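In each ligand, atom 1 is the first atom listed, and ligand 1 is the first ligand listed. Because the structure is predicted, anything quoted here is derived from the model rather than measured. Excluded from the calculations below are hydrogen atoms, water molecules and symmetry mates; all remaining heavy atoms, backbone and side chain alike, are included.
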Amino acid sequence: MTQNPEHEENPAAATSGSHSGSTARQAAVTEAVGAGIPNAIAQLADLVRIPSVSWSAFDPADVQASAERVAALLTGTGVFDSVSIARAPIGESDTLGQPAVLATRAARNGRPTVLLYAHHDVQPPGRDADWETLPFEPTVKGDRLYGRGAADDKAGVMAHVAAVRAFAEVTGGDFDLGLVAFIEGEEEFGSRSFSNFLQQNRDALAADVIVVADSDNWDVNTPSLTVALRGNVTFRLTVSTLAHASHSGMFGGAAPDAMLAMVRLLDTLWDAEGSVAVAGLTSTDAATPEYSEEKLREEAALLDGVRPIGTGEVLGRMWFKPSVTVTGIDAPSVDNASNTLLPSVSVRISARIAPGQTAADAFAALERHVREHAPFGAVIEVTEVDMGDPFLVDTSGWAVGEVTAAMHEAWGVPAVEVGIGGSIPFIADLVRVFPEAQILVTGVEDPDSRAHSPNESLHLGVFKRAVLSEALFLERLDRRG
Ligand SMILES: [Zn+2]
């Protein structure tokens, strides 16, 4: 675990303004952020105490309580014309999704509008026994704040609040930049009402720049701007060969069992190196930062003697190439295994899709592959399909230049442009509804944050630098004609 307390004070931040007339205001923003951090951390801890798990098996009253707390925080900044809690229906149904918080302030004098996105719901905590501190009891140990949502993504929520607050303080609330805060309440449960929410609140949400504060940083001393995200395709694959089970001693060796067919079919998904071998799944060719096989071994916890899979640059394999993983299997357990030929076996296939290909296209390639490679004429069924498109930022937009400059000022080192092997499927919805907006994916996490896992935590130095980056970014945008 890398920690760097001496990075806390960053004298460069106060003096590196590119517009000389703005240096004083930047210095004031930097000071206001620093002064506001203890309060922001205390309010973040209060948010963490609300167990706002958005999954259907958990109490929705907690998600509502967390929405109300977030709305109060946004109202407290004093700069929004309106703050409301709203829900949208899920898909075609009448059922409403979890509450989101929406706050708006109109732009003046031709200045741009920036939308700040984060989510206030969290993943289920899992078993308390797997945590060193209780998941909903925020605890500071060393440089880190532990708790479910301390990083993902209540720190993103508080980064927006603290940045807006600091900027409001310095300007006395008198600024021209348009602001929208959109704090979702069901990101961790598939953003089921997200696309309806966008349609229903299209005018209120319209912005020139969208900041999605739900990703991570290169390390605790180096900021990242996430410029590529893989998409995903998951489905249930069922292979059947027999109308009913039979005694393996009687028919084994002549009648094909479903497990044999499934194993042989799955084997065709990869080549001998472990690279995906599905015709029609594409890769993107793009440069990646240096990342050694050693680092992979350490961060992914490969056992001694186990070799990495795939070919080419390590990060290129995770950011710009597809991957296929079997994440579950329905078959008799080992303890219950009898001497039977299985008639039918199901697995969950989880594929990651490289930027540059649509998820629908990738699904078509995967489905074609499993049908064409069915061994022994086995019956193939593909059901429960779920998809999210990949995302690739056009880094030539002006907002990328502004945010990376703000990050450089706040952290004292340049930002690394990174890809993410995982997916943020709702970004595809944002791109579809707001094709003109520039989308910037930032974040408050670092490689040790363990989002979604036990002992999730936030590095408090990273939090401060993330707040400062965003406050300086707002200050810059407010100067853009
Ligand atoms: Zn998140």
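Between the Zn ion (ligand 1) and the N, O or S atoms of D214, the shortest distance is to OD1. Per residue D152, closest N, O or S atom to the Zn ion (ligand 1): atom name OD1. Restricting H119 to its N, O or S atoms, the one at the least distance from the Zn ion (ligand 1) is NE2.
The aromatic rings of F175 and F167 sit tilted relative to each other, their planes meeting at an angle between 30° and 60°.
Contacts classified as ring-ring contact (aromatic ring centres under 6.0 Å, His included) and involving residues 67-92 (residues at least two apart or in different chains) are not found. The ring-ring contact (aromatic ring centres under 6.0 Å, His included) analysis of residues 120-139, with sequence neighbours excluded, yields no pairs.
Side-chain atoms of N196 and S193 include no donor-acceptor pair closer than 3.5 Å.
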